There are 2 protein chains.
Amino acid sequence: MKTKSKGAEVKSLPLNQILDGDCIEVMNSLPESSVDLIFADPPYNLQLRGDLHRPDNSKVDAVDDHWDQFDSFKVYDKFTRAWLTAARRLLKPDGAIWVIGSYHNVFRMGAELQNQGFWILNDVVWRKSNPMPNFRGKRFTNAHETMIWASKAEGSKYTFNYEALKALNEGVQMRSDWVLPICTGHERLKDENGDKAHPTQKPESLLHRVLIGSTNPGDVILDPFFGTGTTGAVAKMLGRDFIGIEREETYREVAKKRLSKIRKFDKEALEVTQSKRAEPRVAFGVLVERGMLRPGEELWSLNGRHKAKVRADGTLIGDDIKGSIHQVGAHLEGAPSCNGWTYWQFKRDGQKVPIDLLRQQIRAEMAKH
Amino acid sequence: MKTKSKGAEVKSLPLNQILDGDCIEVMNSLPESSVDLIFADPPYNLQLRGDLHRPDNSKVDAVDDHWDQFDSFKVYDKFTRAWLTAARRLLKPDGAIWVIGSYHNVFRMGAELQNQGFWILNDVVWRKSNPMPNFRGKRFTNAHETMIWASKAEGSKYTFNYEALKALNEGVQMRSDWVLPICTGHERLKDENGDKAHPTQKPESLLHRVLIGSTNPGDVILDPFFGTGTTGAVAKMLGRDFIGIEREETYREVAKKRLSKIRKFDKEALEVTQSKRAEPRVAFGVLVERGMLRPGEELWSLNGRHKAKVRADGTLIGDDIKGSIHQVGAHLEGAPSCNGWTYWQFKRDGQKVPIDLLRQQIRAEMAKH
DNA sequence: AGGTTAGATGAATCCAACT
DNA sequence: GAGTTGGATTCATCTAACC
């Protein structure tokens, strides 16, 4: 659905490029309602007072680059309002956004998201398995960052690959707390001096989970604070298109070099576990039409307490109720709803068999042709 | 230090009582700069639409109480501003506050704390070991709540019992994410009908860690949204004084009865807080997310007879089967079950290596941190 | 008595396609 | 666009009933 909806405006998007400039101006130059997902890791306004030293007196490399200083919350709020407004304009109606931050800025971003009409879906905690300790012993180890996932508006039909995430998580549904290591080792990009190329490079594993969970292959993902391009790198691997915006030339250069080395994974590997909802709908009446069930044949409920008769038009008739397999099941159980496919069974060779088996046969046939 | 600072005004405080009334009015009637710590669990402003049913058709008991209803963010913000202003007035200069909330309200509370000059020390994530699942599979399991810990102002000499918390945490620094179960079982207070007495009762283990970490014996702790009195109960056990404010008579009654049964230094309560460390379960998908295995990469079976390809969501795809490492292994062997971790191998430098080696690497990392 | 199984439940912004 | 119908969807834990 999403990929089909790409119209003419999408074709004019500067896909898989890193755009130079202030992200607000650049976003305003792009066509509205053209992007499926935005991932944003804005500067944090860290308010560091003086230099921080480890117990052994070695200096900690603080996040004190010039772009990270803001005079006050007021200025920061103005900045947040501006870039979120520009970002929201770019999102398709069913698009979504992820923002990431720490306690220094995330509350202001979250409030502004709500003020602008974004609809928060989850706040997700990235629980770092190897955070920097609190050297002074004056606070708790700052061991997590917070991400907010929000759709463009209440009622948006956002993308959520529930089954794929469940598969990623050993068969149980994915929670709002993710345990992942920080970006270190070979993955951490270095400059020519061997220092880290960017102070807050995010791990690819984080973006992998974000993109697998909330985008499909072919989707367009915008990152307005591209940095050294983790979003673009993972998007490319996963067969998504990206647009990066970054105003610092050194970061653009590092990101460009990084992206040139990335290759997309096999198409087959990118196909992901699908939800049953994605499968074609089969009308119960088709089973009757095809003679898989005969009119007049009896069906038994899963618990064996009820039975009903199949009618020629694909409805059921019970003691005091006529209707669809779902309606009759719900009525008999006194339940608000009922999935008739898993509720009803028919008899073959003395064995009770769920009618869903017949639906699966039909679906298998449909897949062949 | 703290205990010495108690002046004449402190003596007039209504200690270890539950005050009746609107918390803002009551707080304004108390003497300023008289309280060491405030713990606040205000209404979350959940905006629940219709009913929600579990897959077994049972209805979820929603938090739809009148006290959680607000017309808009504007109204909620006004409420937040008012009670935080009253709370800040009551705090001693070196006092601190904890607030707890979910994504519905915590961003607004956090921003207002900052606006009023509170100095955020940490945001602490309560990771629930047994949260309610997401029944419709439309979002991530909402598995955590967020607490914000802030001093009255920048430069406040807040209380932080670093060593006590370290001891609580098996000798390593306490982190900003706490794994604790929700309040159930005998601890959960019931009314005469056997229904829960309060819809959102917090676990004592949570308050135990808060009070051990950020107060000393003899400190005065105020809870403006006292509910059924978890803050008071834990304060009493730990030899702190409390002041509770609660406007609902039924909650006050339950809390009063509860508190009468509490005795100071209840050793049992101390044991409750020893968080059970969950056995580190590693999802195969994590190896893919972290780049230890690449989507599209091939795995070989232990006997060399079968191979399968890794997909981006941590499932495998073989000749005629898709599924988890365990499912695909079992299918290929025609076995009822299979331990995929010991069955599958990957290739590095021409050598076949069991994937379990990668799991061991991750577990070693988790154990370290 | 001791172990097993079935049932209940928790701060939840929880559907989508068709007529 | 509103109303109707099909039919997809749950994890950890505690309690009570039951062998």
Side-chain angles (χ1 to χ4, degrees), chain A residues 1 94 114 118-123 150-151 154-158 160 162-163 166 169-176 275-285 314-315 323-330 335-344 355-356 359, chain B residues 41-65 67-70 73 100-106 126 128-146 181-188 190 194-196 198-203 227 276 278:
Chain A
M1 289 294 266
D94 290 339
Q114 291 177 315
F118 285 99
W119 194 244
I120 298 184
L121 300 166
N122 280 111
D123 58 333
S151 62
E154 184 180 2
S156 290
K157 295 190 199 318
Y158 56 90
F160 184 56
Y162 176 76
E163 292 294 341
K166 194 171 168 179
N169 197 36
E170 287 261 293
V172 294
Q173 64 178 211
M174 189 71 80
R175 301 168 38 119
S176 58
S275 159
K276 279 188 199 164
R277 273 185 272 252
E279 294 188 55
R281 190 179 276 198
V282 176
F284 177 71
T315 57
S324 71
I325 53 173
H326 315 294
Q327 289 167 334
V328 174
S337 71
C338 171
N339 183 344
W341 288 108
T342 54
Y343 180 76
W344 293 107
I355 60 172
D356 202 35
R359 182 170 65 159
Chain B
D41 180 13
Y44 286 10
N45 187 25
L46 299 186
Q47 296 157 53
L48 305 178
R49 304 301 195 222
D51 289 343
L52 178 65
H53 292 88
R54 298 184 181 81
D56 66 3
N57 272 325
S58 62
K59 192 176 156 198
V60 174
D61 187 14
V63 178
D64 52 5
D65 305 72
W67 47 256
D68 200 44
Q69 308 299 321
F70 295 85
F73 284 131
I100 181 167
S102 65
Y103 67 83
H104 309 83
N105 70 325
V106 77
W126 170 25
K128 303 179 184 182
S129 56
N130 49 348
M132 183 161 67
N134 185 292
F135 295 116
R136 304 297 294 263
K138 302 309 291 182
R139 302 181 178 192
F140 298 98
T141 310
N142 206 342
H144 74 276
E145 292 186 29
T146 302
I182 60 175
C183 184
T184 59
H186 292 300
E187 192 186 324
R188 188 88 195 202
K190 302 280 164 52
D195 299 323
K196 56 191 174 194
H198 192 285
T200 69
Q201 187 184 340
K202 296 293 174 287
K276 311 145 196 168

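In what follows, chains carry the letters A, B, and so on, assigned in the order in which the sequence lines appear, proteins first and then strands, with residues in each chain numbered from 1. Because the structure is predicted, anything quoted here is derived from the model rather than measured.
Ion pairing of A:Glu154 with B:Arg49 is present here, as a side-chain N (NZ or NE/NH1/NH2) and a carboxylate O approach within less than 4.0 Å.
For A:Trp119 and C:dT13, the ring-to-base geometry satisfies the stacking test (centroid distance below 5.5 Å, interplanar angle below 30°).
For D:dG7, the base has no donor-acceptor partner in the side chain of A:Arg359 [N/O atoms by modelled type, under 3.5 angstrom]. If you check distances only, the side chain of B:Arg136 never reaches the base of D:dT10 with a donor-acceptor pair under 3.5 Å. The base of D:dA8 sits with one of its N or O atoms less than 3.5 Å from a complementary donor or acceptor on the side chain of A:Ser337.
Comparing the same atom, C1', in D:dG1 and in C:dA16 gives a spacing of 15 Å after rounding to whole Å. Taking atom C1' in both C:dA1 and D:dC19, one finds a spacing of 12 Å when rounded to whole Å. Taking the C1' atoms as reference points, C:dG7 lies 14 Å from D:dT10, given to the whole Å. Going from the P atom of C:dA11 to that of D:dT15 covers 15 Å, rounded to whole Å.
Under the Watson-Crick or G-U wobble criterion, with both distances below 3.5 Å, D:dT9 has no partner in any strand shown. Remark: C:dT13 base-pairs with no nucleotide; criterion is Watson-Crick or G-U wobble with both hydrogen-bond distances under 3.5 Å. Pairing of C:dT5, defined by two Watson-Crick or G-U wobble distances under 3.5 Å, is identified with D:dA16.
For the pair B:Asn142 and A:Ser156, nearest-nucleotide mapping onto DNA chain C gives the more 5' position to B:Asn142.
Between B:Arg188 and the phosphate of C:dA11, there is a side-chain N or O to OP1/OP2 separation shorter than 4.0 Å.
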